[in-house]
Structure formats: structure tokens, C-alpha cells
Amino acid sequence: MPDDTIYEDLGVPSVVNATGTKTRIGGSRIRPEAVDAMNRAADAFVRLSDLQARASDLIADVTGAQAGYVTSGAAAALALGAAACIAGDDIGAMAQLPDTEGLPGEIVMARTHRTGYDHALRAAGARIVDVGTNDHHLGTGAQNVEPWEYADAITEDTAAVAYVQKPYTEPSLEAVCDVAHDHNVPVVVDAAAELPPVTNLEAFINAGADLVAFSGGKAIRGPQTTGFLAGRAALVSSVAAQHLDMHAAEAVWEPPTTLVDPEALGGVPRQGIGRPMKVGKEELAGFIRALDAFKAEDHDARQREWRARSERIAATLDSVAGVRTSITAADKTAVAPELTVTVEAGSAGISATEIVGALRREEPRVFVGADDLPEAFTVNPMCLTDEETTYVDERIRAQFDA
Ligand SMILES: *Cc1c(COP(=O)(O)O)cnc(C)c1O
């Protein structure tokens, strides 16, 4: 294993990432073409609004949406999306946020869609109105949330409906969009980690979403601090007006008209709620190259590569006493195949929790997935090289021999 990364140089242990695109250990491995673009971007100047307009065209092209906008991550995309739904093209409202007094400041959301990331919606000033129950888990056959419950919660104070796209979320996005649109309310979708499959770039827009937030630093493998919104042009314009630093001499203020409409705004917006979520020219250039490359990639070949890595580790662990392995999503070609390693501590002599803890204390640290503790840990192949796969395999085996 190479122990000469920049992090060792800095006196900090590096990590071998066997748990997928997790922000807290650095997300993903940025594409070489994106690094090259960032290097070149660093050496010259550009008007950020022009570069955002270029990114908007690309995002529109790959998602089928009217427009797009690059943010400093999917969470920032949610905050900016909420701000756009609340303020629209009203520059007075933009200047007022996060104070929503007198503005439609509520975002309706199913209880079962709530996550820690919805703090980003509240950061723009929104108040979240929960609907539905957690009934599904009672086993009565009832649904967690019904479309009419969304309809009942929508009032003149509603800015948007927020939806978290996960394989288990209900009702369908189509059904929620139908209800929201009947009441002239936009739907904002958190799809941060819903790639692969690449078809999801278009799927939520096709289902009727008005804004969709994706992470640029997960499967797309762009710069870590990027994400993007895809959606309706009017909402994207509001995002741009609240994010770009545009407070300039009005007489010479000519923003790209595909992104910002000075007529509709009626003046130059001041630094908005999005200003603390800056996106630099380097991130923009890197993101554009990464999204291009992600779109063009051979996604089936990627799946085969990931599956082969998961199978390699499964093959060696299967012979260990007290260990059972299975590959999740083995029947699917769209989701990265993840290995679940179930450990029966009695016969293995060590528990899954002890293994995960010990691996994280090594140098380099080895991170496997801890979501299925205490029975099992997981190995996600997305962020591993072949060499690292061999290393992770060895290090896991070594825990049982210790
Ligand atoms: C990762 C993630 C985010 C945050 O994405 P960033 O690009 O890191 O800001 C938000 N929501 C969900 C569901 C996520 O998985």
C-alpha cells in the first residue's frame, strides 16, 4: 500500500476507502480530467456568471431540464433551491432571507422523508411542515403518507414541497408532483446520491420535479465541494441571483441573459443568502469536465469492475469460520454492488463491531461500512483501486487471525 500520500506528508493518516462516497472521508476520487481542468482554471480569470451559464447548458443537456446551476454541494443546492422557491424573482424578498416574514416560507415534507440534510432547507429560512406518519412499520398495510395529506398541508404560505428520492420513499414522485402542481407549488428533490444509474439524471425531471439536487462529488467524481441543481429556468434564475456576487455598477451590469433576467429582477441584487456557499472558477471548470466524463462513461463496464472487486473479497472471506457474505443489489445492474459481511462473533472469535473499529485505527485507516452493525459490516467497491482491494481483503482477513 502506498504510504506517501499528501496526507502522510502532512502528518495525517490517509484512508483506504471501502465504504463508498462518504463525505467525511473525502467523498470520491476526483477524475483526472477534472483535476486538469481545475489546474488550468486556476491560472486564468473568467466571469463566473458566464461559466455558470456554460454549466447550465450542459446540465440542461444531460438532464433534459430547462436549466441548471452549480453549487458547493447537494446540501447547498437544497438551501439555494429553497431560497428560490421562497423569493422567486423578488429582489426585496431575496434581500430579506432568511427572514421569511410576509413571504411564503413553508416547505411541506413527508415525515418519512426527513433527514439531517433538510437543515439545508431551513438555512434559507424555510419552516418544514411535516405530513403523514411512520405507519408503514406497524405492519397494518397502511402507507406512511397519502397524496391528500400533502394537498391538505399546502396553503398560501407554502413555498415548495420537498421530496427525498430513495428506493423506499413513497408516494411516487409523480403522485407528489401532481398534487403540488395542482396547487401551483414547485417540488424540490434531494437526489444527492442517486447516481448510478446514469438514467436518474433525467428520471426525476421526467417525473415532474421542478428542481433536482445532485452531488458533484459522489459518483460523478467532480470536485468534492460541488453539486448542482437541474430544473425550471425561472427557479434557476432566482438561484443565480441569490448566489452570484452581482452587486455591481448597474450601468454596465450585463449578466448572461440565459441565466439572469435584469428586467424581471428590476435592479441589481445584493449579496444573497447563497453568498456564503461560493463556487470558484476551479470547481466550476472541474465540475463541467467531470459531468461530461460521467455522462460519456461505460457504465456497464464500471458495474462489472465493481462487482469483480466485491466478489474477490467475498471469495476469501467465505472460508473464514463464522463469516457469511452476500452481495447486495446482485440482481441489479444500476446500483453499485456492495458486499455485506455477517460475522457470528462466537465462532469467528471477533465481532463485526470490533473489526470495523480496529480497521479504522490502523495506518492507513481502513474504512468499511458500519451501517449494519452490530451483526455485519459492508464493503463498497466504488472508491477502491485493484491494489487497494487486495489490501482491504488482507487487512480484513488479518483481523480474524489476530
Ligand atoms: C450526500 C447527501 C447530501 C449532501 O451532498 P453534498 O454534495 O455532500 O452536499 C444530501 N442529501 C443526501 C440524501 C445525501 O446522500
Side-chain angles (χ1 to χ4, degrees), residues 15 17 19-31 34 38 55 59 63 68-84 107 109-124 126 128 160-170 173 176 187-197 200-201 203-204 207 209 211-231 239 243 273-280 282-284 286-288 290-291 294 328-329 334-336 338 367 369-371 378 380 382-383:
V15 167
N17 179 359
T19 184
T21 54
K22 299 282 191 295
T23 296
R24 73 191 77 96
I25 51 168
S28 57
R29 211 182 292 270
I30 186 170
R31 290 173 196 273
M38 291 179 83
I59 294 167
T63 63
Y69 197 84
V70 182
T71 64
S72 57
L78 294 173
L80 289 165
I107 295 188
M109 222 177 154
R111 272 199 172 74
T112 47
H113 292 215
R114 296 291 307 268
T115 74
Y117 291 111
D118 55 45
H119 200 147
L121 301 169
R122 292 189 286 122
I128 295 177
V161 169
Y163 190 95
V164 176
Q165 181 62 47
K166 282 283 163 193
Y168 55 81
T169 46
E170 55 178 48
L173 179 56
V176 173
V187 176
V188 179
V189 177
D190 179 355
E194 301 317 297
L195 298 170
N200 274 354
L201 283 172
F204 313 127
L211 282 177
V212 183
F214 287 103
S215 194
K218 294 179 178 170
I220 291 173
R221 293 174 56 207
Q224 266 311 289
T225 52
T226 60
F228 68 100
L229 282 164
V239 166
H243 182 256
I273 188 96
R275 185 60 182 81
M277 306 170 214
K278 180 161 80 175
V279 179
E282 297 82 4
E283 281 74 23
L284 271 156
F287 171 80
I288 290 170
L291 182 57
F294 175 71
T328 49
V335 184
E338 190 169 77
F367 268 69
D371 287 347
T378 54
N380 185 306
M382 281 177 84
C383 297

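Quick note: numbers below take in every heavy atom, side chains included, and nothing from hydrogens, waters or symmetry partners. Counting starts at 1 for both ligands and their atoms, in listed order.
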*Can you name the residues that come within less than 4.0 Å of ligand 1, going by heavy atoms only?*
Thr23, Gly73, Ala74, Ala75, Tyr117, Asp190, Ala192, Ala193, Ser215, Lys218
Side-chain donor-acceptor distances from residues 187-197 under 3.5 Å, at least two apart:
from: Asp190; atom 1: OD1; to: Ala192; atom 2: N; distance (Å): 3.0
from: Glu194; atom 1: OE2; to: Lys166; atom 2: NZ; distance (Å): 2.9

*Would you indicate whether the side-chain heavy atoms of Val70 and Glu283 approach each other to under 4.5 Å?*
no
*Within-4.5 Å side-chain heavy-atom neighbours: Met277 and Thr71*: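 They are not in contact (no side-chain heavy atoms under 4.5 Å apart), so the answer is no.
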*Thr378: what forms a side chain to side chain contact (heavy atoms under 4.5 Å, CB included) with it, not counting sequence neighbours?*
Glu338, Thr340, Asp372
Show me the donor-acceptor pairs, under 3.5 Å and distance only, between side chains in residues 19-26 and residues at least two apart or in other chains.
from: Lys22; atom 1: NZ; to: Thr19; atom 2: O; distance (Å): 3.1

*Look at the aromatic rings of Phe228 and Phe287 and report parallel, tilted or perpendicular, splitting at 30° and 60°.*
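If you compare the ring of Phe228 with that of Phe287, the planes turn out tilted.
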